[in-house]
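Right, one structure below, let's go through it.
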Amino acid sequence: MITLDSDINFLPGIPTVYRKKLKNLEINKVRDLLFYFPTRYQDFSKLIEIKNIPANQDVSIRGQILEIKNNFIRRYKITSALISDETGNIKATWFGQTYLSKILKKGDWVILAGKTVQTKSGIHLSNPIYEKIDPQEFDSNHLNLMHTGRIIPIYSQSQKLSSRWIRKIISGILNEISDINEYLPENIIKEHNLLDLKTALSQVHFPDSMEKAKLAQQRFAFDELLVLELLVIKEKIKNSAQDSIAFPIKLEAVQSFVKSLPFPLTDDQKKAVWRILKDMESPSPMSRLLEGDVGSGKTVVAAIACLNVIKNGYQAAFMAPTEILAIQHFKTLSKIFAGFNINVGLLTGKQDKFMSKKLKGQPIEISKKKLIEKTEEGEINILVGTHALIKGKVKFKDLGILIIDEQHRFGVAQRASLIKERKQKKTYVPHLLSMTATPIPRSLALTVYGDLDLTIIKQMPEGRKKIITQIITEEKRQNTYDFIADEIKSGRQAFVICPRIQENKDQKEKKNSSWEDVKSATKVFCHLQEKIFPNLKIALLHGKMPIKEKDKTMQNFKDKKYDILVSTSVVEVGVDVPNATVMMIEGAERFGLAQLHQFRGRVGRSQYQSYCFLFLSDGSSSNERSLALVKSETGFAVAQKDLEIRGPGEIFGTKQSGIPDIVMSALKDIELVEKTRQIAKEILISDQHLKKYPELAKRLNSFKEKVHLE
């Protein structure tokens with residue numbers, strides 16, 4: 001007896017080698033296989049008479065095989081067959097599939113589906129899908145067919161599992177399975193006109209019509225989103241029930257710090273600070289996402305939160321995804337906290353020496369061991385770092401707040417694990433403040449980050465001008481160089497970004513390969529220094545340089561010792577050089593839209609007019625992402641377009657989280673997201689532990705294990 005919980009190892013008709021392939025796709029049970037949905041469909045439901053077959057179109061025909069044979073033409077193995085119906089004959093050919101002559105015999109009746117090709121000898125079918133039929137038992141509705149003559153599902157070809165093989169296995173299971181227990185409450189199914197689970201599973205794999213396929217997809221998008229919303233809301237309830245430290249607002253210290261800043265806070269910054277400080281007055285742990293465009297001033301808001309925690313006698317951890325960004329935060333915090341009796345440490349994990357900032361002193365290098373000891377003893381008030389903060393032997397004496405910058409880069413599962421890693425042996429959980437300069441469409445914020453409260457900084461500091469963004473063709477490259485030279489004569493500086501450090505092996509072996517074809521930082525650096533700007537000072541920066549050298553190069557550029565910085569994507573976030581006004585990006589099509597927006601955000605950080613020039617490797621004048629950047633001024637517009645182009649899984653680190661692709665697609669539907677979120681809230685308000693809904697609770701637990709949110 002086959003059930004949803006049956007192990008695929010015990011299913012008949014699946015060879016060992018195929019079981020291994022299924023397990024590589026995390027398909028271990030029948031449930032996993034039935035929820036392995038098609039990526040698309042092909043409509044072969046309309047049979048065409050042979051005499052009416054058009055050229056260069058997908059068609060389905062029914063006929064009898066008059067002859068079939070294998071031929072060898074110029075080393076190619078070709079199987080050809082002549083198919084006949086009441087109206088005429090047509091030839092079908094298959095390449096490299098000589099075994100078909102043993103499966104399909106003269107006299108067999110078949111349905112063939114595929115693309116027609118026009119040749120000198122007439123129209124024929126090329127590599128059609130086949131299915132043998134009994135003409136006496138042929139169903140006029142064609143619904144007894146599996147591979148042809150109907151709407152057929154097409155599955156991902158991962159692990160070299162063909163759609164034909166997957167269709168055969170799933171069809172057998174659907175015919176034999178004894179129980180498919182519904183997990184959605186009946187009232188919800190009726191109220192929202194959803195297909196029941198058994199019907200939806202049948203129609204998603206073998207739909208009677210494209211309308212039925214769409215209804216099945218809507219059913220699964222609905223319940224998968226509902227389960228995801230249940231998960232994040234339950235997580236939020238659980239977090240709020242945990243104990244944290246209530247930090248009274250040290251108003252005098254906060255006001256003194258704000259007055260010491262060389263710039264006034266914007267209204268949005270003030271509101272964000274107040275919300276965060278009020279959150280931390282509660283003994284329940286804060287979980288807040290601070291969202292703001294590049295250069296909107298999120299770091300200073302986080303610094304005030306740290307200050308309040310420190311003045312209450314606790315420590316802060318400040319985590320960044322890259323060494324350069326961690327170093328940038330370390331320098332910024334050391335500078336703005338000078339005179340406030342606060343020690344700031346830096347721990348990145350890739351150098352032998354680490355720095356600690358002491359009151360009124362310059363950063364000094366101390367050993368990693370010593371820095372960890374000072375952190376555990378409580379002498380380090382703020383420890384800044386990368387992943388090193390949550391790995392190894394780092395322990396805090398009294399951690400009060402964890403700041404995570406560019407938190408979407410850590411992914412859903414990782415973000416959740418950070419809090420788990422930082423739980424103290426005492427009984428409290430530190431407050432969490434996540435930050436991102438990649439604005440998040442509301443649909444994503446309500447789901448993937450639904451356990452976080454959201455604060456948005458939309459205002460930019462006064463005096464900032466719109467960055468002029470243009471796609472530049474090769475014909476105007478020299479004009480761009482001349483423009484950069486003029487900007488530098490005016491006292492400004494420029495970035496040049498390249499997709500990689502060095503040219504790859506294939507390009508090295510190419511003869512007469514021009515430098516424009518390469519787009520590597522080292523090659524561009526040499527070309528600019530030797531041929532374009534021989535009288536200017538140019539620096540090279542990339543990820544494989546020692547951290548001290550990278551730090552020194554970046555500082556020298558900031559100190560105006562270099563006119564141009566040629567770099568890879570290591571300057572994507574955290575680099576603040578107000579004097580730089582030109583961002584030139586080589587091979588712009590090789591970067592994601594969010595990356596391009598981050599690069600653009602490295603300029604326009606002062607009162608000077610700034611520019612972003614995009615070059616495409618093929619020399620063309622258009623590219624979907626580049627055009628989107630030109631048209632989108634704000635990060636919010638960029639994020640929405642990026643969601644449309646790439647999908648949420650790629651953007652926000654959830655691709656490997658286990659969240660189904662069907663949910664990822666549904667996340668673009670804000671109405672559906674808000675509807676399922678409201679239903680999830682109503683269910684949990686009346687029954688927090690889902691005792692009334694045992695099948696839904698079971699589904700939630702299964703989803704939870706797969707998504708790894710804890």
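Using cut-offs of 30° and 60° on the angle between ring planes, the pair F220 and F37 is tilted.
For the residue pair D208/Q203, the side-chain donor-acceptor check at 3.5 Å is satisfied.
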Mind listing the side-chain donor-acceptor pairs of residues 194-201 below 3.5 Å, one per line with the distance, residues two or more places apart or on another chain?
unit_1 : atom_1 : unit_2 : atom_2 : d
D196   : OD1    : K198   : N      : 3.2
D196   : OD1    : T199   : N      : 3.0
D196   : OD1    : T199   : OG1    : 3.1
D196   : OD2    : T199   : OG1    : 2.8

Contacts under 3.5 angstrom, residues 85-92 side chains, donor-acceptor by atom type, not counting sequence neighbours:
unit_1 : atom_1 : unit_2 : atom_2 : d
D85    : OD1    : T87    : N      : 2.7
D85    : OD1    : T87    : OG1    : 2.8
D85    : OD1    : G88    : N      : 3.0
D85    : OD2    : I50    : N      : 3.0
D85    : OD2    : T87    : OG1    : 3.4
T87    : OG1    : I50    : N      : 3.3
T87    : OG1    : K51    : N      : 3.1
N89    : OD1    : S84    : OG     : 2.9

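Between S6 and T3, the shortest heavy-atom distance links the atoms OG-N, 2.8 Å. For the residue pair G543 and T568, the shortest heavy atom distance occurs at N-OG1, 3.9 Å.
Partners of K115 under the side chain to side chain contact (heavy atoms under 4.5 Å, CB included) rule, at least two apart in sequence or in another chain, are D58. A search for side chain to side chain contact (heavy atoms under 4.5 Å, CB included) contacts involving A213 returns Y41, P207, not counting sequence neighbours. With sequence neighbours excluded, the residues forming a side-chain hydrogen bond (donor to acceptor under 3.5 Å, both in side chains) with K190 are E186, listed by chain and number. Looking at residues two or more places apart in sequence or on another chain, you find a ring pair (Phe, Tyr, Trp, His ring centres under 6.0 Å) between Y18 and W165.
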I would like to know whether L34 and V204 meet side chain to side chain contact (heavy atoms under 4.5 Å, CB included); could you show each step before the answer? CA-CA 9 Å; L34 291 185; V204 81; over 6 Å; no

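Cation-pi geometry between R699 and F35 is met: under 6.0 angstrom from the ring centre, within 45 degrees of the axis. For the pair R477 and F615, the cation sits on the ring face: its NZ or CZ lies under 6.0 Å from the ring centre, inside 45° of the axis.
At a threshold of 4.5 Å between non-hydrogen side-chain atoms, the residues F95 and T93 count as touching. Contact annotation: the side chain of D108 never approaches that of I68 to less than 4.5 Å [non-hydrogen atoms, C-beta and beyond]. Contact check for L11 versus R19: no side-chain heavy atoms found under the 4.5 Å cut-off.
Summarising the local packing, NZ of K21 is surrounded by more than 12 heavy atoms from other residues, nucleotides or ligands at distances under 6.0 Å.
To the nearest 0.5 Å, atom CZ of residue F44 and atom CD1 of residue I111 are 12.0 Å apart.
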